[in-house]
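Data block below; observations after.
Predicted model, so just to flag it, every value in this text is computed and none were measured.
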Amino acid sequence: MTTELAKAYDPRETEPRWYRFWEENGFFTASADPADTRKPYTIAIPPPNVTGSLHMGHACRTTFEDVLIRYQRMCGRNALWIPGTDHAGIATQVVVERQLAREKLTRHDLGREKFIERVWKWKGESGGRIMQQLRVLGASCDWSRERFTMDEGLSRAVRHAFVQLYNEGLIYRDTRLVNWDVQSQTVLSDLEVENEENVQGELFDFAYPIEGGGEIVVSTTRPETMLGDTAVAVHPDDPRYTHLHGKHALHPFVDRKVKIITDAVLVDPKFGTGAVKVTPAHDWNDFATGKRHKLEEINILRKDGTLNENAGPFAGLDRFAARKAVKAKLEELGLARGTKAHTLTLPRSQRSGTVVEPIISTQWFVRMKPLAEPAIAAVEQGKTRIIPEHWNKTYFHWMRDIQDWCISRQLWWGHPIPAWYCVPCEHTHVALTAPQACEKCKGPVVQDADVLDTWFSSALWPFSTLGWPDKTPDLARFYPTDDMETGYDILFFWVARMMMMGLHFMGEVPFKRVLLSGLVTDERGDKMSKVKGNVIDPLDVIQGATLEDLLDKARKNGAKDSGLDYLRKTYPEGFAAYGADAMRFTLLSYSPQTSKIALSIKRIEGHRNFANKLWNAARYVLMNLEGHGALATQQRPAAKQFANQFILSRLGATIETVRAAADDYRLDEAGLALYHFVWQDYCDWYLELSKTLLQSQEPGVADETRAVLLHVLESALRVLHPMMPFITEEIWQRVPKAEGLGKTIMLAPYPEAARDGMRDLEVEREMSVLQAVIVAARAIRSERDIHPRLTLPLTLRADDAAARALLQREQEAIASLCKASVSVEALAGSASVDNSATSVAEGVTLVVPLQGLVDDGKEKERIERQLQKLEKDLQAIDKKLGNAGFVDRAPADVVQKERERKAEIEHSCVQLREALAKLQKV
RNA sequence: GGGCGGGUAGCUCAGCGGUAGAGUGUCGCCUUUACACGGCGAACGUCGCAGGUUCGAUCCCUGUCCCGCCCACCA
């Protein structure tokens with residue numbers, strides 16, 4: 001074991017090395033230690049999606065999960081990931097559609113067999129790449145259980161779930177209006193439809209001639225749907241139309257009469273003409289209206305979005321072409337009544353982006369209300385905690401207003417629906433295996449050609465991946481999972497449905513906590529999108545990239561010019577190699593409350609600098625240990641020296657803070673505490689103080705200091721390890737350690753405040769006095785432009801004997817940290833020093849005689865400034881203490897504290913005024 | 001229309017009843033053998049606006065204005 005660290009810190013050198021080490025030594029593991037029979041800490045980890053690149057979202061979630069796993073493991077729990085293996089559909093769909101678009105193909109062109117072959121191959125390749133990338137980030141998870149869908153076990157679970165729900169009456173088949181994606185040619189669930197708002201459209205008015213004379217004017221944003229109209233509705237109380245009740249209008253294009261109906265639900269008499277065309281087969285409200293009035297439902301669309309034979313003369317036209325044609329024809333017939341600008345919301349497919357058409361179709365649905373109730377109760381009763389808590393409201397809101405879920409999809413990938421139809425008698429069979437023949441008529445059967453929504457199988461994931469429906473040992477041991485960590489964007493899609501299915505099939509919640517992280521955005525807070533060109537690849541941040549690299553990648557992803565400009569403007573130099581540790585630490589540093597993580601490269605750079613700081617501190621410690629034999633024990637060294645006591649106390653405090661924060665999932669707070677401890681307490685104060693102690697001739701002092709330096713460093717590495725796994729491992733391997741700590745820091749025990757630290761509040765208080773004095777002395781030097789090489793003659797005066805004793809005792813430390821010659825004396829009766837700089841800190845008066853070094857005018861100004869500030873504070877305090885209400889009603893300790901502060905400030909003012917008076921005299 | 005967040009230093013964000021914090025940026029001084037990916041010091045804020053509760057409000061309540069997101073509706 002060498003004690004020598006390379007001269008410079010380069011994250012690119014440490015990461016691959018430790019990644020290999022972990023892999024070779026079997027630390028990427030998803031399986032529980034078979035010898036350990038305790039209930040382990042488990043975290044559910046979804047598989048990476050398969051779109052071909054690792055994005056910030058994965059980096060963020062993986063990091064969070066990995067930190068929790070490492071932390072729990074170091075705390076002595078058998079902690080592990082439960083990796084998932086499903087997600088057949090969503091990712092595939094994205095991959096496939098992008099690929100097809102690139103080749104200007106539709107899936108129908110390829111044919112089913114070729115198509116599927118191609119998809120699996122592509123998924124396998126990009127999936128492997130992502131696993132590789134996640135490891136670079138430090139995820140200590142084994143993805144070997146990852147198999148891409150169609151896994152027989154999962155398929156079986158899906159069939160079981162479907163059949164059971166069907167038998168319980170919770171799955172049914174019905175003819176209804178559904179969202180149809182004409183490009184992907186499949187139905188979509190409500191959640192897969194995105195609304196594009198504020199689209200500038202037009203409202204087109206036209207007239208239906210009434211049988212027997214007259215007309216009725218209706219408005220529409222989709223004129224082509226009039227081909228499917230079967231009624232015109234008016235409000236029953238609208239006097240304008242009373243005379244038309246029960247009459248019929250004549251359809252101008254097809255041989256059909258359109259009934260005038262009255263409906264108070266559909267019609268708002270104040271909107272437009274107060275008459276509404278009703279198209280039951282292509283509009284949600286009209287469908288409901290049609291049901292109320294038993295209207296005929298006339299479908300006018302084919303699957304590809306062209307009009308069918310019901311459209312009469314317009315058959316064969318695309319829906320948008322038909323829109324124009326219908327309008328033109330109505331103009332021609334003199335039935336058009338003009339257009340108005342109208343702002344509307346367009347429903348678009350989340351997948352293909354095309355405008356969704358509501359059409360009538362027979363699909364499978366899950367009855368949600370009975371499933372939702374227990375899922376609501378579980379969160380209400382705290383069986384599952386959602387963190388941050390404010391998501392509860394959103395969860396409840398959605399759950400209480402839940403609609404039935406359309407689960408069939410007309411795609412070629414995904415889990416087939418275990419339903420068979422008899423060809424002759426149309427009887428439906430739902431079963432685990434294909435029936436040989438129809439049980440009613442013995443006729444031949446065919447399987448439902450549709451597949452299930454990917455989220456249906458995903459909803460089963462917490463138990464299907466553990467062997468359900470069999471009662472496997474894994475299922476008994478690992479269900480429910482402790483933590484489920486994911487982005488809030490799939491709270492409804494996935495989390496809520498897992499809750500429902502878990503409770504239904506297992507009778508128990510699937511996880512005890514749901515941790516919802518924010519969405520990573522660019523620095524402006526805009527969602528990352530390949531088209532916008534603002535996608536930051538975590539690997540570029542980790543390994544470094546030039547601006548050209550970034551631009552190339554963006555171009556390849558089809559970014560617009562404006563996106564390229566954004567990159568040029570924001571990252572003119574590209575990225576330095578900041579390393580995975582800095583990347584991880586930064587992702588963790590955002591508060592979990594935030595729903596938007598506007599990733600700031602500057603912040604990452606700051607954390608890279610932090611890693612460098614730690615690296616150099618370690619170099620310092622190791623340098624000073626050289627030639628001093630083995631010091632390492634697992635015990636905290638006994639400390640007699642003030643500085644050593646101080647840092648052990650701070651270490652204890654930090655461990656307490658970090659553990660409390662981590663237990664509360666506030667990794668941001670944990671990280672901040674560590675950042676300050678390492679940089680400020682350890683490096684800025686303690687390492688500087690140690691320099692004097694290491695020179696000490698007094699027996700034992702230097703040895704004690706070496707032991708504390710090492711102990712605190714080694715402990716800090718362990719505290720920090722989950723958040724910065726690479727650098728801490730690298731340094732830890734080189735630090736002298738006691739035997740038996742294991743071959744990796746991953747398995748070393750997590751520090752404990754009482755064992756590794758030594759809390760001493762009195763020491764910390766004394767230190768804060770010293771710090772204040774030292775800072776004040778440095779300020780005197782800096783503000784007078786006294787060169788750092790000149791020794792500052794510093795006199796410290798204090799009334800309090802204890803304070804004097806402290807200053808006396810730590811004289812050497814003060815001298816070294818301010819490069820001063822220090823003398824301590826009582827305030828009372830001290831000789832006045834002409835031409836000196838004066839400052840007051842924590843009741844200690846600092847005097848620096850400065851003949852020839854300082855200009856009196858500047859000094860006057862400085863003191864006056866300090867006085868002004870103090871007087872302002874004093875005024876505020878006086879106002880408070882002068883308020884009878886405050887003195888009477890505020891807690892005694894608050895009042896007392898205020899009084900003490902007042903006394904101290906007054907004392908400071910007196911000192912400063914004296915100094916000022918002296919200056920004016922000169 | 002309903003709901004949920006957010007508005008704090010130039011920027012990115014913590015804090016959330018008792019003297020306003022961090023990182024980054026800015027301005028000085030310093031290449032002192034752990035570190036210039038650094039050290040030391042400084043400047044910077046009517047904590048969106050208006051009321052209320054309170055001895056005391058950035059924090060709690062009410063209203064209001066912006067910004068973001070989600071859900072629903074849209075002839």
Position toward the 5' end of RNA chain B (nearest nucleotide), A:Gly606 or A:His397: A:His397
Nearest listed nucleotide, side chain of A:His390, among B:rG3, B:rG18, B:rC4: B:rC4
The single option from A:Glu196, A:Glu192, A:Glu194, A:Glu357 passing salt bridge (charged side-chain N to carboxylate O under 4.0 Å, His left out) against A:Arg348: A:Glu196
Presence of A:Lys393 side-chain N/O under 4.0 Å of B:rG5 phosphate oxygens OP1/OP2: yes
Strand partner of B:rC4, provided both Watson-Crick or wobble distances fall under 3.5 Å: B:rG68
Nearest heavy atoms of A:Asp286 and A:Lys277, plus distance in Å: OD2-O, 3.4 Å
Between B:rG3 and B:rU64 - P atom distance, rounded Å: 13 Å
Parallel, tilted or perpendicular: ring planes of A:Trp679 versus A:Phe610, cut at 30 and 60 degrees: parallel
ring-ring contact (aromatic ring centres under 6.0 Å, His included) against A:His607, all qualifying residues, sequence neighbours excluded: A:Phe585, A:Tyr675
Rounded distance in Å - CD (A:Gln403) to P (B:rC73): 8 Å
RNA chain B contacts made by residues 583-596 of chain A, counting heavy atoms under 4.0 Å: A:Ser591, A:Thr594
Base partner of B:rA20, which must satisfy Watson-Crick or wobble distances under 3.5 Å: none
Pairwise 5' ranking along RNA chain B for A:Val894 and A:Val276, keeping only the more 5' one: A:Val894
side-chain contact (heavy atoms from CB on, under 4.5 Å) against A:Arg323, all qualifying residues, sequence neighbours excluded: A:Arg222, A:Pro223, A:Glu224, A:Phe320
Expected rows: protein N/O vs nucleotides 6-10 of chain B N/O, under 3.5 Å:
none

Distance, C1' atom - from B:rU62 to B:rA22, rounded to whole angstrom: 33 Å
Listed nucleotide nearest any side-chain atom of A:Ser600, set B:rC69, B:rU12, B:rU24: B:rU12
Base partner of B:rG38, which must satisfy Watson-Crick or wobble distances under 3.5 Å: B:rC30
Atom-to-atom span, CD of A:Glu669 to P of B:rC13 - whole angstrom: 18 Å
Within 45° cone of A:Phe204 ring axis and under 6.0 Å: A:Lys327 NZ or CZ: yes
Rounded distance in Å between the P positions of B:rC16 and B:rG21: 14 Å
Whole angstrom value for the distance that separates C1' of B:rG5 from CG of A:Leu516: 14 Å
Distance, C1' atom - from B:rU8 to B:rA14, rounded to whole angstrom: 10 Å
Rounded C1' spacing from B:rA34 to B:rG39 in Å: 12 Å
Any residue meeting salt bridge (charged side-chain N to carboxylate O under 4.0 Å, His left out) with A:Arg901, in chain and number order, not counting sequence neighbours: A:Glu898
Heavy atoms of other groups near A:Glu900 CD, more than 12 under 6.0 Å: yes
P-based separation of B:rC67 from B:rU26 [nearest Å]: 31 Å
Sequence neighbours excluded, every pair satisfying side chain to side chain donor-acceptor pair (under 3.5 Å) that has a member inside residues 576-585 of chain A: A:Asp66-A:Arg584
Pairwise C1' distance, B:rC60 and B:rU24 [rounded to whole Å]: 33 Å
A:Arg901 (side chain) and B:rU19 (base): donor-acceptor pair under 3.5 Å: yes
Enclosure of A:Lys691 NZ (heavy-atom neighbours >12, cutoff 6.0 Å): yes
Whole-Å distance separating the CD atom of A:Glu523 from the P atom of B:rG23: 18 Å
Side chain to side chain donor-acceptor pair (under 3.5 Å) evaluation trace for A:Ser768 with A:Gln771: CA-CA 5 Å; A:Ser768 66; A:Gln771 286 173 331; 5.8 Å; no
Side chain to side chain, A:Tyr488 and A:Ser595, heavy atoms closer than 4.5 Å: yes
I'd like a table of atom pairs between the protein and nucleotides 56-61 of chain B - only N or O on both sides, under 3.5 Å - with the distance next to each one.
none

Partner residues of A:Pro236 under the side-chain contact (heavy atoms from CB on, under 4.5 Å) criterion, sequence neighbours left out: A:Thr262, A:Ala264
Watson-Crick/G-U partner (both atom distances under 3.5 Å) of B:rU54: none
Paired nucleotide for B:rG63 [Watson-Crick or G-U wobble; both distances under 3.5 Å]: B:rC49
Sugar-phosphate only, base, or nothing, as touched by A:Thr343 at under 4.0 Å among non-hydrogen atoms: nothing
Spacing of CD1 belonging to A:Ile727 relative to NZ belonging to A:Lys613, to within rounding of 0.5 Å: 12.5 Å
Separation of the C1' atoms in B:rG10 and B:rG52, to the nearest angstrom: 34 Å
Nucleotide of B:rC13, B:rG18, B:rG2 approaching A:Ala598 most closely (side-chain heavy atoms): B:rC13
Set of ring-ring contact (aromatic ring centres under 6.0 Å, His included) partners for A:Phe492, sequence neighbours left out: A:Trp398
Heavy-atom protein contacts under 4.0 Å, nucleotides 26-37 of chain B, coded B base, S sugar-phosphate only, - none: --B-SS--BB-B
Gap between atoms CG and P, on A:Leu344 and B:rC73 respectively (whole Å): 14 Å
Qualifying residues under side-chain contact (heavy atoms from CB on, under 4.5 Å), relative to A:Ala661, sequence neighbours excluded: A:Arg666, A:Glu669, A:Ala670
Whole-Å distance separating the CZ atom of A:Arg524 from the P atom of B:rG68: 14 Å
Sugar-phosphate, base or nothing in reach of A:Arg666, heavy atoms under 4.0 Å: sugar-phosphate
A:Phe493 CZ - B:rC70 P separation (whole Å): 11 Å
Under the side-chain contact (heavy atoms from CB on, under 4.5 Å) test, residues paired with A:His397 that sit two or more places apart: none
Integer-rounded Å distance: B:rC71 P and A:Asp401 CG: 12 Å
